[in-house]
Amino acid sequence: MSSNNPISNFQDVPWKQRFYRSMLGYGIHFSRRSDGTINRFIMNLFDLKAQPSKQPIDGVITSDTVVDATRNLYFRLFLPSFEQNTNMPLIVYFHGGGFAYMSANSIACDDLCRKLCKKTGAVIMSVNYRLSPEHKYPSQYDDGFDVLKFIDDDANTKNFPSNVNLKQCFIAGDSAGGNLAHHVTVKACEYGLRNVKLIGLIAIQPFFGGEERTESENRLVDAPVLSVKGTDWLWKTFLPEGSDRDHPACNVFGSKSVDDIRRLKFPATMVVVGGVDPLYDWQIRYYEGLKKCGKEAYLIEYPNAFHSFYGAPELKESGLLMEEVKDFIGKLIK
């Protein structure tokens, strides 16, 4: 059951985090042009970047690998600096940002993947994909899938530690990255990878929607961090011209859906939802859709959590989420 308090644990976020989120919000607001494009110069003033580091930072070292320079398609690799005596699972991670904002080297994304790496002991591959509105659907899905095909080739994983186990691969993402994780997983299941085996999907507050206005959207229309007006704008910039929000990229189990995952060997899926997220009802429908298709799915719910709560490490829910991800991975690699 979602929370009736539209501010909920956002009040518990330390002032520095609230200030950073407010500044990022200002950047998003002022970078949007009236013609539906984004002023990237203005946005980059607010979207601070983190450089890769060969020296351990908080127990993690990072490096960047280019997949296709013409698309600025690359991934940032996060490796635990401490010795691992056993095989390490791999998490291919897609950042959030409504398909239009952020990047793999954004400080918020870098920090989150660093935490995931340290907490789970897994190797993290954070994918930098093309953004809308410059690149609409299906550019982001194509980029994500091309990265999977890239690491499926032995010649492209020479920089990986020898004990990274590609047969224990997870696809993960938050918000729009959670949407990407689903659709890239569908493409991978249909394609059939040779060396990479997908065993789990981690969808953290995935960005789904539809033409219908759900109860959570009506109740949380001006929720902190993400508003319904904002989600409408993001879908309009991402979806093909002339499409509405019932497009299968947005409404995956809607009337226009073309992917029948019943026929696919779809991996076990962990769906994380927050009760103070206007996307709550769409995320619950996604979980229920997976179950109706006969797939293994687990729902992790934090009733007082707002959209992107995981970016505030001071919140107890953020720590609990890291434990849940660790447990989910551990259950599937045994």
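One finds a salt bridge joining R40 and E134 here, because a Lys/Arg side-chain nitrogen approaches an Asp/Glu carboxylate oxygen to under 4.0 Å. Salt-bridge annotation for R245 and D232: present, with a side-chain N of the basic residue lying under 4.0 Å from a carboxylate O of the acidic one. Salt-bridge check for R262 with D260: passed, with a basic side-chain N closer than 4.0 Å to an acidic carboxylate O. Of the charged side-chain nitrogens involved, at least one lies within less than 4.0 Å of a carboxylate oxygen, so that D110 and R76 count as a salt-bridged pair. The pair E190-R263 meets the salt-bridge criterion, with a side-chain N (NZ, NE, NH1 or NH2) lying under 4.0 Å from an Asp/Glu carboxylate O. Salt bridge present: E215 and R219 bring a charged side-chain N and a carboxylate O closer than 4.0 Å.
For the atom pair CZ of F78 and NZ of K115, the computed distance is 12.5 Å after rounding to the nearest 0.5 Å. To the nearest 0.5 Å, the span separating CD on E211 from NZ on K256 amounts to 7.5 Å. The OG1 atom of T185 sits 5.0 Å away from atom CD1 of I171, with the distance rounded to the nearest 0.5 Å. Distance check, rounded to the nearest 0.5 Å: CG of L264 to NZ of K187 gives 12.5 Å. Rounding to the nearest 0.5 angstrom, the gap separating the OG1 atom in T214 from the CD1 atom in I284 is 11.0 Å. Here I28 contributes atom CD1 and L234 contributes atom CG; the two are 8.0 Å apart, rounded to the nearest 0.5 Å.
The environment of NZ in K149 is crowded: more than 12 heavy-atom neighbours from other residues, nucleotides or ligands sit within 6.0 Å. Enclosure of atom NZ in K49 by more than 12 non-hydrogen atoms of other residues, nucleotides or ligands within 6.0 angstrom is indicated. Around NZ of K331, the count of heavy atoms belonging to other residues, nucleotides or ligands within 6.0 Å exceeds 12.
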Determine, stepwise, if the pair N304 / E317 fulfils side chain to side chain donor-acceptor pair (under 3.5 Å). CA-CA 9 Å; N304 298 317; E317 289 89 348; 4.9 Å; no

Yes or no on side chain to side chain donor-acceptor pair (under 3.5 Å) for D47 and S106, after CA distance, side-chain angles and deciding distance? CA-CA 6 Å; D47 182 15; S106 294; 2.8 Å; yes

Using side-chain contact (heavy atoms from CB on, under 4.5 Å), reason through M43 and R32 one step at a time and then give a plain yes or no. CA-CA 9 Å; M43 188 60 216; R32 291 178 179 175; over 6 Å; no

Mind running side chain to side chain donor-acceptor pair (under 3.5 Å) on T62 and K54 for me, showing each step along the way? CA-CA 6 Å; T62 57; K54 294 182 179 180; over 6 Å; no

From CA spacing to verdict: side-chain contact (heavy atoms from CB on, under 4.5 Å), I300, V273: CA-CA 6 Å; I300 307 298; V273 305; over 6 Å; no

Could you give me the CA-CA distance, side-chain angles and deciding distance for F145 and Y141, then say whether ring-ring contact (aromatic ring centres under 6.0 Å, His included) is met? CA-CA 6 Å; F145 183 49; Y141 299 163; over 10 Å; no

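Pairing each heavy atom of V228 with each of L220, the nearest pair is CG2-O, 4.3 Å. Considering all non-hydrogen atoms of both residues, S81 and V60 come closest at OG-N, 4.0 Å. Considering every non-hydrogen atom in both P133 and I38, the closest pair reads CD-CD1, 3.6 Å. Residues Q283 and V271 approach most closely at O-CG1, 4.0 Å, considering heavy atoms. Residues S257 and N251 come closest through the heavy atom pair CB-O, 4.5 Å. Contact between A249 and F238 at its shortest, heavy atoms only, is CB-CE2, 4.1 Å.
When only modelled atom types and interatomic distance are considered, N195 and D154 share a side-chain donor-acceptor pair under 3.5 Å. Checking S227 against D222 by side-chain atom types alone, no donor-acceptor pair falls below 3.5 Å. There is no side-chain donor-acceptor pair under 3.5 Å between D174 and Q205. No hydrogens or angles considered: nothing links the side chains of N87 and N163 as a donor-acceptor pair under 3.5 Å.
No side-chain heavy atom of V325 sits under 4.5 Å from any side-chain heavy atom of E323. By the 4.5 Å heavy-atom criterion applied to side chains, L279 and F208 are not counted as neighbours. Between I333 and F328 there is no side-chain heavy-atom pair separated by less than 4.5 Å. Two residues are said to be in side-chain contact when any heavy atoms from C-beta on lie closer than 4.5 Å; F94 and N179 fail this criterion.
Side-chain rings of H135 and F99 stay apart, their centers remaining 6.0 Å or farther from each other. Here Y286 and H182 bring their ring centres to under 6.0 angstrom of each other. The aromatic ring centres of W282 and F207 sit 6.0 Å or more apart.
Among E301, R285, H307, the one residue that satisfies the side chain to side chain donor-acceptor pair (under 3.5 Å) test with Y280 is E301. Test N72, N44, N128 against S103 for side chain to side chain contact (heavy atoms under 4.5 Å, CB included) and you get one pass: N128. Partner of R130 under the side chain to side chain donor-acceptor pair (under 3.5 Å) criterion, chosen from D68, D143, D142: D143.
With S318 contributing its side chain and Y310 its backbone, the two residues share a donor-acceptor pair below 3.5 Å. Under a 3.5 Å cut-off, the side chain of D152 and the backbone N or O of L193 do not form any donor-acceptor pair. Judged purely by atom type and a 3.5 angstrom limit, S243 uses its side chain to pair as donor or acceptor with the backbone of P240.
Residue L320 is grouped with residue F309 when hydrophobic side chains (ILVMFWY) are merged at heavy-atom distances under 4.5 angstrom, including chains of intermediate members. Under the 4.5 Å side-chain heavy-atom criterion for ILVMFWY residues, no single connected hydrophobic cluster contains both Y74 and I61.
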